2 protein chains.
Amino acid sequence: MATTNQPGGQRTSGGRMKAKSSRRARSVRTELQLLRAACWLFSERGFHGTGIRDIAETAGVAVSGMYYYAASKDEMLEAVTRRVMDLLMSSSEETLRDIDDPAERLVVLMAVHVAFHARNPRAAKVADHEFQALTGDAREGIQQLRDAYEGVWAETLRAGVRDGVFQDRGSVARLALLQMATGIAHWYRPDGELSIPQLCERFGDMALSLMGASRAGRLLQVHDLTMPDPDLLLERVELSIEPRNEPSHT
Amino acid sequence: MATTNQPGGQRTSGGRMKAKSSRRARSVRTELQLLRAACWLFSERGFHGTGIRDIAETAGVAVSGMYYYAASKDEMLEAVTRRVMDLLMSSSEETLRDIDDPAERLVVLMAVHVAFHARNPRAAKVADHEFQALTGDAREGIQQLRDAYEGVWAETLRAGVRDGVFQDRGSVARLALLQMATGIAHWYRPDGELSIPQLCERFGDMALSLMGASRAGRLLQVHDLTMPDPDLLLERVELSIEPRNEPSHT
DNA sequence: GTCTATATTACGATAGAC
DNA sequence: GTCTATCGTAATATAGAC
């Protein structure tokens, strides 16, 4: 997860802010603080509602210092969003590995999605709502990531319908499932009535209910299925740029 | 729905932009065009991403002409949002009148919510996502309307749980139900696979499934219940400020 | 790597003529 | 009621010293 920090080291990137052709090394710490500040502020005030002065001040650097790490405000938004989508995708695929049963795949997908959104609400909100402020290639790239992620859900639902485990509720079902879980980023609080594992189970149950999941004429519940280990799950959805506390600079 | 337009007429307001102590009358047509332009642009680019020049140009008036109708950009956002919440609330209450059964109340609430969001996606997006750009009293006022609306849902679910018709899934269920239907504003297209009445029925079924709605040991479906007349429903959710087509000025 | 200082444009809002 | 013209500020981004 940590990037190399050797002088002159070429980073292959893929989610990080663009490497300029500079001979100097970059401070990993500063880069992280900038992304965290951007993540926090974009989620709190929106992309257009956030000024580069706000980001720089929150991160504790001068405005021009920011431009050593990112070529523009847009690039910071892209960096935050791409990290979210990358981790969401990779943690899903990793957790789905070796699971074939459609019902189990659905509750796993839901558990990853729920855990991610509860654990990284700020970053998730940015990726879900602010990414549309991007334009051109950046937006297209993010859109492809989103499509790929939704594709995994679509395949899982289709397989379940084919096997007769799920009712066929069309693509509407996928959109409804994703939307209801994504909303968690807006209201989840660590001191709420449910812990993250409990939230995963409840949303798993709701997903199975919503798809009318049944086997041998009996309705399925999460309780009947094998769930991923909660600790492992929480570890997999850990995102480094999620702001840990309200920044004191503000 | 139409406001009086007599010179010097005092408007009691309640959702409209503030009446200044002006002796001149206001053009209802211009006011509507301004709100429509604001609605369109706020939904497309976000509140902070929209300039007053954009709004004025789209509405076909000079920038200063706008300020004859609204004291600030904030006030326009408040006006749009308040109209959304007012209509959502009033159409729900009207359609719920004389319906006591919790399961029927749930599918009616869902039908109104779905129809509203499919029919007025731009306005709904503004009310759902941009209202947080408001500050102070304006924000508090809108928040109260939202709380009141969610309260109707909460009561309905609680009654259903009390009667043993719904499973108890806590407040999480309410949030999930609202969220999944609200998402319609993001993806619904009039030329999609489902018409609005069909969408209402499908979401009604999903809501019943999600709540595990059953009576006499048999799972409930919308098909088993009385639904409001689709035409009447669509008429009730008609919002005057929803932009009808993409503005040509842009 | 990070800073101070500044260029340049866009923003929200207003004054005052008609 | 709607316009043209403009004010003052804040925005993004860059130049160049250290």
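Protein chains get the first letters and strands the later ones, always in sequence-line order, with residue 1 at the start of each. Excluded from the calculations below are hydrogen atoms, water molecules and symmetry mates; all remaining heavy atoms, backbone and side chain alike, are included. This one's a predicted model, so the numbers in the text were calculated from it and none came from an experiment.
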Nearest-Å distance, CG (B/Asp74) to P (C/dA13)? 7 Å
Report yes if a side-chain nitrogen or oxygen of B/Ser64 is closer than 4.0 Å to either non-bridging phosphate oxygen (OP1 or OP2) of C/dA13; otherwise report no. no
In whole angstroms, how far is the P atom of D/dA11 from the CD1 atom of A/Ile55? 11 Å
Is the centre of the A/Phe42 ring less than 6.0 Å from the centre of the A/His48 ring? no
Minimum heavy-atom distance A/Ser240-A/Arg83, with the two atoms named: OG-NH1, 3.4 Å
Measure the spacing between CG of A/Leu134 and CG of A/Leu77 and express it to the nearest 0.5 Å. 4.0 Å
When rounded to whole Å, the CZ to C1' distance for the pair A/Arg26 and C/dT2 reads 14 Å
What is the distance, to the nearest angstrom, from the CE atom on A/Met66 to the C1' atom on C/dT4? 17 Å
When the ring centroid of A/His129 is compared with that of A/His186, is the distance short of 6.0 Å? yes
From D/dC3, C/dC3, D/dT2, pick the nucleotide closest to the side chain of B/Ala62? D/dC3
Whole-Å distance separating the CZ atom of B/Arg29 from the C1' atom of D/dT2: 14 Å
Starting from P on C/dT9, measure out to CD1 on A/Ile52 and report it in whole angstrom. 16 Å
Rounded to whole Å, CZ of B/Arg53 lies from P of C/dG12 at a distance of 7 Å
For atom CE of A/Met76 and atom P of D/dA13, their distance in whole Å: 11 Å
What nucleotide among C/dA13, D/dT2, D/dC3 has an atom nearest to a side-chain atom of B/Tyr69? D/dT2
So if I take every side-chain heavy atom of B/Lys73 and compare against D/dT2, C/dT4, C/dA13, which nucleotide ends up nearest? C/dA13
